[in-house]
Amino acid sequence: MDDYAKKVKLTNRIQALRIRHEMLEARMSAERRRPLPNVFMLQRLRRRNRSIRQEMRFLKVAGHSIRTVGSPEAA
């Protein structure tokens with residue numbers, strides 16, 4: 001797989017993680033608005049959200065290390 005394809009694949013994965021992150025944020029917000037929020041559910045959602053953020057950070061760093069076609073580094 002060439003560098004460009006790797007970069008596109010990473011970008012797509014990061015975008016999918018962003019969407020999941022937003023969905024989890026919405027679920028947490030809805031849970032907090034309930035009269036008796038389920039504390040255990042909120043903890044689980046927070047943990048999931050944290051792991052998604054960590055993966056996004058990792059992938060962003062990995063993406064910066066990949067040379068893209070036409071970039072000065074590829075020459």
Inset, instruction - Output all residues satisfying salt bridge (Lys or Arg N to Asp or Glu O under 4.0 Å) with Arg34, sequence neighbours left out; order by chain, then residue number. - result: Glu31
Inset, instruction - Output the distance between atom CG (Leu24) and atom CZ (Arg44), rounded to the nearest 0.5 Å. - result: 9.5 Å
Legend entry - Non-neighbouring partners of Arg13 that pass salt bridge (Lys or Arg N to Asp or Glu O under 4.0 Å), sequence neighbours left out: Glu55
Legend entry - Heavy-atom closest contact (Leu42 atom, Pro37 atom, distance): CD1-CB, 4.1 Å
Legend entry - Verdict with supporting geometry, Arg57 and Val61, side chain to side chain contact (heavy atoms under 4.5 Å, CB included): CA-CA 6 Å; Arg57 268 188 249 122; Val61 169; 5.8 Å; no
Legend entry - Inter-residue atom distance Arg48.CZ - Gln43.CD, 0.5 Å rounding: 13.0 Å
Legend entry - pair Lys6-Lys9: side-chain heavy atoms closer than 4.5 Å: no
Legend entry - Distance-only polar pair, side chains of Arg33 and Ser29, donor-acceptor under 3.5 Å: yes
What side-chain donor-acceptor pairs closer than 3.5 Å can you find for residues 16-23, not counting sequence neighbours?
{"residue": "Arg18", "atom": "NH1", "partner": "Gln15", "partner atom": "OE1", "Å": "3.3"}
{"residue": "His21", "atom": "ND1", "partner": "Asn49", "partner atom": "OD1", "Å": "2.5"}

Inset, instruction - Could you grab the distance from atom NZ of Lys60 to atom OG1 of Thr11, nearest 0.5 Å is fine? - result: 11.0 Å
